[in-house]
Amino acid sequence: MAETIGSEMSDKSAKIFVAGHRGLVGSAIVRKLQQLGYTNLLLRTHAELDLTRQADVESFFAQEKPVHVILAAAKVGGIHANNTYPADFIAVNLQIQTNVIHSAYLHGVKKLLFLGSSCIYPKFAPQPIPESALLTGPLEPTNEWYAIAKIAGIKTCQAYRIQHNWDAISGMPTNLYGPNDNFHPQNSHVLPALMRRFHEAKVSGAEEVVVWGSGSPLREFLHVDDLADACVFLLENYSGLEHVNIGSGQEVTIKELAELVKEVVGFEGKLGWDSTKPDGTPRKLMDSSKLASLGWTPKVSLRDGLRQTYEWYLENVCADKK
């Protein structure tokens, strides 16, 4: 089967629809495909194609007839957004997935890759988290609406494979970072939030940056360019019912991460910890041995990835503060 898959992807002029091409993940996938010489990428902004509108999605597929689809479009947000807009997070994501997957099947797409998130796993999953942990326990309550939509996406791909023998696969990335990340002061995740705080402290001449918690929780990070590389690898080399974890396999404490970001940014003040604030989950690592056994490993080290991300941040987020 791998030979057939590889030969399908070997046509560099085949139409590939990257849904969600402006986001952190989608933009990295577009960069990777362009680097590899793919010349016929189908890209649509939300204004050009609203993926929640079934009729619009069906007419797009009928007209354009893509050969491959990478589904990276999703409504995403942090804990506050998930708690405030649970109906949006479950409904919008279910609509996007169902419309794209069904239309792709109806209009003869050869292969579809659906991308989820590590939040699909139970709150108290074993560590490192294997693919088999899916649906073995309750979810983290703060993002269950998003997680349930993503689980439904995996199950939709499996159902179409079982009933129609259609090649739909799913990949589940770990925590991602890189160019086009969200550096919003309130809504960003831990890594871009740290980078912004250290940069602003450096610019203002602050003496200290205080970070929440003890710094002891362990986290896994994958550069988004590595994820994009893994996505192309899966399209070429994987065709199976079970979803595939995509991680770096490397853990770092929040304290080590903060010290590394501090060094990359060049902040020379002190780093303090507010241990009265919550730490969150003590450990969250995915078991990516299945992907490794297929022959893929990440290439971007955390230090190099942070350096590249900081350069992007300086050029694109705060050009006036350089």
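Taking the six-membered ring wherever Trp is involved, the centroid distance between the rings of H199 and Y310 falls below 6.0 Å. You'll find the ring centres of F17 and H68 outside the 6.0 Å limit.
Smallest separation of non-hydrogen atoms from V109 and P66: CG2-O, 3.4 Å. Of all heavy-atom pairs spanning V92 and K75, the tightest one is CG1-CB, 4.0 Å. Scanning both residues, G178 and V224, for their nearest heavy atoms gives CA-CG1, 4.2 Å. When all heavy atoms are compared, the tightest approach of D279 to G215 is OD1-N, 3.9 Å.
In this structure, F89 and Y146 have perpendicular ring planes: the angle between them is above 60°, well past the 30° mark.
Here the side chains of V265 and L194 are not in contact, with every heavy-atom distance at 4.5 Å or above. Using a 4.5 Å heavy-atom cutoff, the side chains of V190 and N175 are not in contact. Inter-residue side-chain proximity for Y121 and K284 is flagged as unmet; no heavy-atom pair is nearer than 4.5 Å. The shortest side-chain heavy-atom distance between L294 and F233 falls under the 4.5 Å cut-off. Put simply, the side chain of W273 reaches to within 4.5 Å of the side chain of I254, judged on heavy atoms. Contact of the K32 side chain with the Y38 side chain is not registered, since no non-hydrogen atoms from C-beta on lie closer than 4.5 Å. By the 4.5 Å heavy-atom criterion applied to side chains, S288 and M172 are not counted as neighbours. Inter-residue side-chain proximity for S248 and D226 is flagged as unmet; no heavy-atom pair is nearer than 4.5 Å.
Crowding of R22 atom CZ: a count of heavy atoms from other residues, nucleotides or ligands under 6.0 Å not exceeding 12. Other residues, nucleotides and ligands place no more than 12 heavy atoms under 6.0 Å from the OH atom of Y85.
Annotation: salt bridge (charged side-chain N to carboxylate O under 4.0 Å, His left out) contacts of D56 (sequence neighbours excluded): R53. Every residue two or more places apart in sequence or in another chain was checked for a salt bridge (charged side-chain N to carboxylate O under 4.0 Å, His left out) with K155, and none qualifies.
Considering CZ of R303 and CG of L260, their distance stands at 5.0 Å, rounded to 0.5 Å.
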Fill in: Intermediate values then yes/no, salt bridge (charged side-chain N to carboxylate O under 4.0 Å, His left out), E259 and K255
CA-CA 6 Å; E259 285 168 349; K255 186 170 189 294; 2.9 Å; yes
Discussion item. What verdict does the side chain to side chain donor-acceptor pair (under 3.5 Å) test give for W296 and D229, after you've listed the backbone C-alpha separation in whole Å, the side-chain angles of each residue and the deciding distance to 0.1 Å?
Written reply: CA-CA 9 Å; W296 185 87; D229 189 58; 2.8 Å; yes
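The backbone N or O of P130 sits nowhere less than 3.5 Å from a side-chain atom of K290 that would complete a donor-acceptor pair. A side-chain donor-acceptor contact under 3.5 Å links N40 to the backbone of S13. Of the possible donor and acceptor atoms, none in the side chain of E208 sits under 3.5 Å from a partner among the backbone N and O of K270.
No option in T174, V25, V300 other than V25 meets the side chain to side chain contact (heavy atoms under 4.5 Å, CB included) test with L227.
Using a 4.0 Å cut-off between charged nitrogen and carboxylate oxygen, R44 and E64 count as a salt-bridge pair.
Linking Ile, Leu, Val, Met, Phe, Trp and Tyr residues whenever their side-chain heavy atoms come within less than 4.5 Å leaves L24 and M286 in two separate clusters.
Side-chain contact of W145 with N93: a donor-acceptor pair under 3.5 Å is absent, judged by distance alone.
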